[in-house]
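Both counts, for ligands and for their atoms, begin at 1 and track the order of listing.
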Amino acid sequence: MSSFLFVTPTWDAKLWAAEMRKARPGLDVRVWPEMGDAATIDYVAAWLPPPNVVKSLTKLKVIFSLGAGVDAILTDPTLPPDVPIVRVNDPDLTHRMSEWVVLHCLWHHRQQRRLDQQQREGVWDSFATHAASAMTVGVMGLGVMGQDSAKKLATMGFKVVGWSRTQKDLPGVTCYAGAAGLDAFLGQTDILVSLLPATTETDGILNRALFRKLSRKGPFGAPILLNAGRGRQQVEEDIVAALDAGELHAATLDVFRKEPLPKESPLWKHPKVTITPHAAADSEPSVICAYVAEQIADYEKDGTLRNLVDRRRGY
Ligand code: NDP
Ligand code: OXD
């Protein structure tokens, strides 16, 4: 019988363990810190593991990230270097993210904040609106999440451009890649959506200098920012300053440098900011456990693992 350990100090690991037992009956599922003999554990699923815990599992075969993002695992400096890391790539998570992206693009495009204000004030003003095709949405990160969002945004009628590390070819999406393609991508973008992973290269990429390169030809005269990638990508003081200076029209932020977002952050009460609490794409325990169970079954059959993390790239 194989053994499996959850190491999730900030999540409800007992709930996850119950789902894992349902997904793979017969698996010996344990929850850190009550892990028994560390040398008997074959698999670990982790989110923000404390240092030396994963390292202590001397017979470990696979590390599973409980999220699509792996920064919460790679921050452990004591991680054993040779154990493969598998991340989540599941349609349920992807579709949830696309819902968030499409919702917030439409929310800004259809000026819902203004309509809510009008309702509060009892004002009937059917102001002129514009077609989705008047806006270009620029998706940073054309991986699993970015590609699905880009496709759905194009279906809604938005013009869509995308940017990634390596060149992509996607129907209906003009694709740019790398440092050489960044300015051309930004220059067309009226709504910037970040679905990038947190890496040393993407740290702080959403800053004021970048915002100044975005298009000002859209219907609102200034660009809109959406970030559901990771908070480390955004310079929060720059977002506030750019909004106050009219260099950004509005922002929807799901991720923050510090989570939960501290009470004193000016983002909470900023009139041009919409906040969601790292909930763009919720990890549904039953779905993620079924995905992990399937990977274990394939691995135990013939050694196959899918959606492996490239540690050097950082995602
Ligand atoms: P993928 O690994 O499939 O895609 C990442 C994309 O980012 C790839 O297209 C990659 O380019 C691109 N990229 C990485 N580094 C750079 C760079 N330096 N310059 C340009 N492009 C770059 O990840 P997913 O789509 O599955 O997920 C993306 C991120 O979304 C996760 O890492 C996580 O941080 C976040 N996330 C947030 C959630 C939330 O609820 N807020 C939920 C789930 C995920 P290339 O294809 O060329 O390698
Ligand atoms: C993820 C997340 O990476 O929930 O899956 O942020």
Can you name the atoms of ligand 1, numbered from 1 with element, that are less than 4.0 Å from a heavy atom of [X]?
{"X": "E201", "result": "18 (N)"}
{"X": "H278", "result": "39 (C), 40 (O), 41 (N)"}
{"X": "K168", "result": "45 (P), 46 (O), 47 (O)"}
{"X": "G229", "result": "33 (C), 34 (O), 35 (C), 37 (C)"}

Is there a donor-acceptor contact under 3.5 Å from the side chain of [X] to the main chain of [Y]?
{"X": "D282", "Y": "E284", "answer": "no"}
{"X": "W268", "Y": "L261", "answer": "yes"}
{"X": "R87", "Y": "A68", "answer": "yes"}
{"X": "S56", "Y": "V53", "answer": "yes"}
{"X": "D190", "Y": "T136", "answer": "yes"}
{"X": "R216", "Y": "E247", "answer": "yes"}
{"X": "Q233", "Y": "P197", "answer": "yes"}

May I ask you to identify the nearest protein heavy atom to [atom], giving residue, atom name and distance to one decimal place in Å?
{"atom": "atom 13 (N) of ligand 1", "value": "L196 CD2, 3.7 Å"}
{"atom": "atom 41 (N) of ligand 1", "value": "D254 OD2, 2.8 Å"}
{"atom": "atom 1 (C) of ligand 2", "value": "A68 N, 3.4 Å"}
{"atom": "atom 7 (O) of ligand 1", "value": "P197 CD, 3.3 Å"}
{"atom": "atom 2 (C) of ligand 2", "value": "H278 NE2, 3.6 Å"}
{"atom": "atom 38 (C) of ligand 1", "value": "M97 CE, 3.4 Å"}
{"atom": "atom 4 (O) of ligand 1", "value": "G143 CA, 3.2 Å"}
{"atom": "atom 44 (C) of ligand 1", "value": "A68 CB, 3.8 Å"}
{"atom": "atom 37 (C) of ligand 1", "value": "A228 O, 3.0 Å"}

Quiz item: To the nearest 0.5 Å, what is the distance between CH2 (W11) and CG (L66)?
Solution: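 Rounded to the nearest 0.5 Å, the CH2-CG separation comes to 5.0 Å.
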
Examine the side chains of [X] and [Y] and answer whether a donor and an acceptor come within less than 3.5 Å of each other.
{"X": "R30", "Y": "T40", "answer": "yes"}
{"X": "R24", "Y": "Y43", "answer": "no"}
{"X": "Q117", "Y": "R120", "answer": "yes"}
{"X": "T276", "Y": "W100", "answer": "yes"}
{"X": "S149", "Y": "K151", "answer": "no"}

Does ligand 1 have a heavy atom under 4.0 Å from the side chain of [X], from its backbone, from both, or from neither?
{"X": "V255", "value": "side chain"}
{"X": "M140", "value": "neither"}
{"X": "T166", "value": "both"}

Just distances here: any N/O of [X] and N/O of ligand 1 closer than 3.5 Å?
{"X": "T199", "result": "no"}
{"X": "A281", "result": "yes"}
{"X": "L142", "result": "yes"}
{"X": "M145", "result": "yes"}
{"X": "L93", "result": "no"}
{"X": "V144", "result": "yes"}

Quiz prompt | Verdict with reasoning, T252 to L103, per side-chain contact (heavy atoms from CB on, under 4.5 Å) | solution = CA-CA 11 Å; T252 299; L103 168 69; over 6 Å; no

Quiz item: Given L93 and M145, is the side-chain contact (heavy atoms from CB on, under 4.5 Å) satisfied, shown in steps?
Solution: CA-CA 8 Å; L93 196 72; M145 305 269 171; 3.7 Å; yes

I want to confirm something. Looking only at heavy atoms, which of [options] is nearest to [atom]?
{"atom": "atom 3 (O) of ligand 2", "options": "R230, M97, M145", "result": "R230"}
{"atom": "atom 33 (C) of ligand 1", "options": "R230, Q147, R96", "result": "R230"}
{"atom": "atom 23 (O) of ligand 1", "options": "R87, Q233, R165", "result": "R87"}
{"atom": "atom 28 (C) of ligand 1", "options": "V309, T202, D203, L195", "result": "L195"}
{"atom": "atom 10 (C) of ligand 1", "options": "Y315, W163, F185, W100", "result": "Y315"}

Quiz item: Parallel under 30°, tilted from 30 to 60°, perpendicular over 60°: which one fits the rings of F4 and F6?
Solution: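 The rings of F4 and F6 stand perpendicular, inter-plane angle above 60°.
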
Quiz item: N/O to N/O below 3.5 Å, does that happen between L93 and ligand 2?
Solution: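 No: no nitrogen or oxygen of L93 is under 3.5 Å from one in ligand 2.
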
Self-check item: R208 to F211, cation-pi by 6.0 Å centre distance and 45° axis angle
Solution: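 Negative - R208 is either too far from the ring of F211 or too far off its axis.
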
Quiz item: Quick one: does N89 get within less than 4.0 Å of ligand 1, heavy atoms only?
Solution: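 In this structure, N89 fails to qualify as a contact of ligand 1 - no heavy atom is under 4.0 Å.
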
Exercise. Would you please determine whether G67 falls within less than 4.0 Å of ligand 1 on a heavy-atom basis?
Key: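 For ligand 1, residue contact (heavy atoms, under 4.0 Å) with G67 is absent.
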
